[in-house]
Amino acid sequence: MKYYLIVGEASGDLHASRLMRSIQKYDANAEFRYFGGDNMFSVGGIRVRHYKELAYMGFIPVLLHLRTILRNMKVCKTDIIKWQPDALILVDYPDFNLQIAKYIRKQLSTLNRNVPLALRREVRGEAPSTKIFYYISPKIWAWKEWRIRSIKRDIDELFSILPFEVDFFEKKHHYPIHYVGNPTVEEVNTFLSTLDPNVPLALRRGVRGEAPSTKIIALLAGSRKQEIKDNLPAMIEAAKRFEDYELVLAGAPAIEDSFYQKFIEGTRVRLVKNQTYELLSQATAALVTSGTATLETALFNVPQVVCYKTPLPKLMRFGFNHFLKVKYISLVNLIANREVVTELFADRFKVYNIANELYQILPGQPGREEMLSGYADVRQRLGNDIAPDNAARIMLQLLKKNHDV
């Protein structure tokens with residue numbers, strides 16, 4: 001069968017590539033075409049655009065690149081209709097993907113009205129047979145809850161990787177979804193299973209030329225330039241107070257090294273690329289910008305402080321307390337449904353607060369063991385299902401059923 005996938009950032013590229021490999025287990029004749037990245041390219045198929053051409057965050061960056069975004073959206077819509085996939089698989093990135101889903105659903109509905117019923121199973125190029133799947137559901141429980149209307153209208157099946165989303169979609173909005181497990185659990189488990197304790201850890205090196213150190217503070221400052229620009233300077237300022245620790249920054253795959261150099265030049269921060277999991281396997285503690293990285297850090301049992309700078313911090317705090325539908329910004333706390341990790345954002349995002357909370361989770365401090373205990377609860381709630389395998393199996397069952405109708 002033919003599968004068209006769309007991702008908009010590095011994490012989506014990783015998750016989509018693993019889903020593609022799982023689809024290949026159940027469909028030996030799978031053909032892929034996609035808007036994606038290097039991980040997806042390594043699996044195979046045809047890449048129409050790299051996700052770097054889509055990944056703009058914030059009002060100003062989006063406005064400055066609006067022409068590029070709209071052009072890519074037009075290319076995507078046209079390409080899907082021309083290729084006629086059996087399945088359109090949207091991976092996170094809702095601002096772009098929900099627009100694509102709306103357009104494709106409208107085109108399919110038009111075809112459905114115009115093609116005689118007897119021909120719908122026979123005319124490959126005209127029958128509205130494409131199923132629209134959403135893998136890694138939009139986080140409308142946090143904001144833009146009104147998007148549930150377009151999801152109900154345009155998405156055939158929704159695949160969730162967060163257990164608390166089941167109640168939100170099914171009980172609150174009466175929209176059945178599939179919780180397939182969390183892919184990050186399997187990704188971390190797979191990495192840890194390949195670690196050889198007899199091989200020296202490549203990231204460890206002496207601080208100021210001394211003997212190799214096992215004391216590392218990891219800095220995970222986000223995957224987009226605006227996030228890095230906002231968060232990294234304060235993270236470095238707080239972490240450098242701990243002189244016995246080496247400071248290692250995990251570079252995002254889509255960000256060039258030169259961008260980071262503006263922030264780390266003249267400091268003792270070391271940049272590593274494509275080694276985030278190796279870094280977390282060795283880190284003592286971490287400063288992390290909110291996102292999937294908070295969950296990855298927890299699954300590696302690295303105590304962390306979540307840091308996220310916002311514009312108009314007091315106003316943002318008021319909005320968070322009175323308008324947003326959630327109590328937390330980190331996946332760790334959302335999954336646990338309680339504060340496991342400290343979240344310093346909006347008016348709480350200050351260098352002093354970051355340094356103080358980091359001290360509380362270092363070895364020998366009481367906050368460290370308490371956080372590790374909370375991590376165990378998070379892991380238990382997530383389960384051990386292999387998310388891409390589950391999703392691929394369900395998708396294939398639905399597609400076969402669709403073809404048999």
(request) Would you indicate whether the side-chain heavy atoms of Tyr103 and Ile81 approach each other to under 4.5 Å? (result) yes
(request) Determine whether Met395 and Lys131 make a side-chain contact, defined as any pair of heavy atoms from C-beta on separated by less than 4.5 Å. (result) no
(request) Determine whether more than 12 heavy atoms belonging to other residues, nucleotides or ligands lie under 6.0 Å from atom NZ of Lys102. (result) no
(message) Test your reading of the model: is there a side-chain donor-acceptor pair from Lys172 to the backbone of Trp141, 3.5 Å cut-off?
(response) no
(request) Mind telling me whether Phe242 and Tyr359 have parallel, tilted or perpendicular rings, with 30° and 60° as the class edges? (result) parallel
(message) Are more than 12 heavy atoms, taken from residues, nucleotides or ligands other than Lys74, located less than 6.0 Å from that residue's NZ atom?
(response) no
(request) For residues Phe263 and Lys229, report the shortest heavy-atom separation together with the two atoms involved. (result) CZ-CA, 3.8 Å
(request) Run the salt-bridge test on Glu357 and Arg348 with the 4.0 Å N-O cut-off and return the result as yes or no. (result) no
(message) Within this structure, what is the CG-SG distance for the pair Leu287 and Cys307, rounded to the nearest 0.5 Å?
(response) 5.0 Å
(request) May I have the step-by-step check of side chain to side chain contact (heavy atoms under 4.5 Å, CB included) for Glu186 and Asn189, ending in yes or no? (result) CA-CA 5 Å; Glu186 194 249 342; Asn189 287 344; 5.6 Å; no
(message) Before we go on, tell me: are the rings of Phe41 and Tyr34 under 6.0 Å apart, centre to centre?
(response) no
(request) Could you grab the distance from atom CG of Leu192 to atom OH of Tyr277, nearest 0.5 Å is fine? (result) 9.5 Å
(message) I need the Leu19 CG to Asp389 CG distance, nearest 0.5 Å.
(response) 9.5 Å
(message) I'd like to know if Glu246 and Arg270 make a salt bridge, using a cut-off of under 4.0 Å between side-chain N and carboxylate O.
(response) yes
(request) Over all heavy atoms of both residues, which pair between Arg368 and Pro303 is shortest? Give the atoms and the distance, please. (result) NH1-CG, 3.5 Å
(request) May I ask you to decide if Ala30's main-chain N or O and Gln24's side chain share a donor-acceptor pair within less than 3.5 Å? (result) no
(message) When you compare the side chain of Asp92 with that of Lys139, does any pair of heavy atoms fall below 4.5 Å?
(response) yes
(request) Considering only NZ, NE, NH1 and NH2 on the basic side and carboxylate oxygens on the acidic side, decide whether Asp95 and Arg147 come within less than 4.0 Å. (result) yes
(message) side chain to side chain contact (heavy atoms under 4.5 Å, CB included), that's the test. Do Arg18 and Asn39 meet it? Break it down for me.
(response) CA-CA 9 Å; Arg18 298 182 72 89; Asn39 287 303; over 6 Å; no
(request) Answer yes or no: is there a side-chain heavy-atom contact under 4.5 Å between Tyr308 and Glu343? (result) no
(message) Evaluate Glu296 against Thr276 for side-chain hydrogen bond (donor to acceptor under 3.5 Å, both in side chains), listing each step before the verdict.
(response) CA-CA 9 Å; Glu296 293 172 324; Thr276 301; over 6 Å; no
(request) Could you tell me whether the side chains of Gln226 and Asp230 share a donor-acceptor contact shorter than 3.5 Å? (result) yes
(request) Spell out, as yes or no, whether a donor-acceptor pair under 3.5 Å connects the side chain of Thr294 to the backbone of Gly291. (result) yes
(request) Might you point out which heavy atoms bring Tyr3 and Trp83 nearest each other, and give the distance in Å? (result) O-CZ3, 3.5 Å
(request) Please name the pair of heavy atoms, one in Asn390 and one in Arg393, separated by the smallest distance, quoted to 0.1 Å. (result) OD1-NH2, 2.7 Å
(message) Could you check whether any side-chain N or O of Asp79 sits under 3.5 Å from a backbone N or O of Val48, counting only pairs where one atom can act as donor and the other as acceptor?
(response) no
(message) So for atom CD, which belongs to Gln261, do other residues, nucleotides or ligands contribute more than 12 heavy atoms lying within a distance under 6.0 Å?
(response) yes
(request) Could you tell me whether the side chain of Ile255 reaches within less than 4.5 Å of the side chain of Tyr260, counting heavy atoms only? (result) yes
(request) Could you tell me whether Lys350 and Glu237 make a salt bridge, using a distance below 4.0 angstrom between a side-chain N and a carboxylate O? (result) no
(message) Measuring only between side-chain heavy atoms, which start at C-beta, is Thr130 closer than 4.5 Å to Gln84?
(response) no
(request) With side chain to side chain contact (heavy atoms under 4.5 Å, CB included) as the test, would you mind laying out the steps for His15 and Val7 before giving the verdict? (result) CA-CA 9 Å; His15 294 317; Val7 310; over 6 Å; no
(request) Locate the shortest heavy-atom distance separating Tyr328 from Arg338; write the atom from each residue and the value. (result) OH-CA, 3.3 Å
(request) To the nearest 0.5 angstrom, please state how far the CZ atom of Phe159 sits from the NE2 atom of His178. (result) 4.5 Å
(message) Determine whether a donor-acceptor pair (N or O, by modelled atom type, separation under 3.5 Å) exists between the side chain of Asn301 and the backbone of Leu372.
(response) no
(request) Report yes or no: does Arg268 contribute a side-chain atom to a donor-acceptor pair with the main-chain N or O of Tyr245 at less than 3.5 Å? (result) yes
(request) Determine the minimum heavy-atom distance between Ile216 and Leu279, stating which atoms define it. (result) CG2-CD1, 3.8 Å
(request) Inspect the contact between Asp13 and Arg47 and indicate whether a charged nitrogen and a carboxylate oxygen are less than 4.0 angstrom apart. (result) no
(request) With rounding to the nearest 0.5 Å, note down the distance linking CZ in Phe300 to CD in Glu278. (result) 10.0 Å
(message) Could you check whether any side-chain heavy atom of Thr184 comes within less than 4.5 Å of a side-chain heavy atom of Leu299, counting everything from C-beta outward?
(response) yes
(message) Working note: Leu249 + Leu247, criterion side chain to side chain contact (heavy atoms under 4.5 Å, CB included); need CA distance, chi angles, decisive distance, verdict.
(response) CA-CA 7 Å; Leu249 169 63; Leu247 310 183; over 6 Å; no
(request) State, without any angle test, whether Tyr179 and Asp385 hold a side-chain donor-acceptor pair at a distance under 3.5 Å. (result) no
(request) Answer yes or no: is there an ion pair linking Arg224 with Glu9, defined by an N-O contact shorter than 4.0 Å? (result) yes
(request) Any chance you could measure Asn231, atom CG, to Leu220, atom CG, to the nearest 0.5 Å? (result) 11.5 Å
(message) Between Lys400 and Asp86, does any NZ, NE, NH1 or NH2 come within less than 4.0 Å of an OD or OE carboxylate oxygen?
(response) no
(request) Answer with yes or no whether the side chains of Gln304 and Tyr375 bring together a donor and an acceptor at under 3.5 Å. (result) yes
(request) State, yes or no, whether a side-chain contact exists between Ile335 and Leu295 at a heavy-atom distance under 4.5 Å. (result) yes
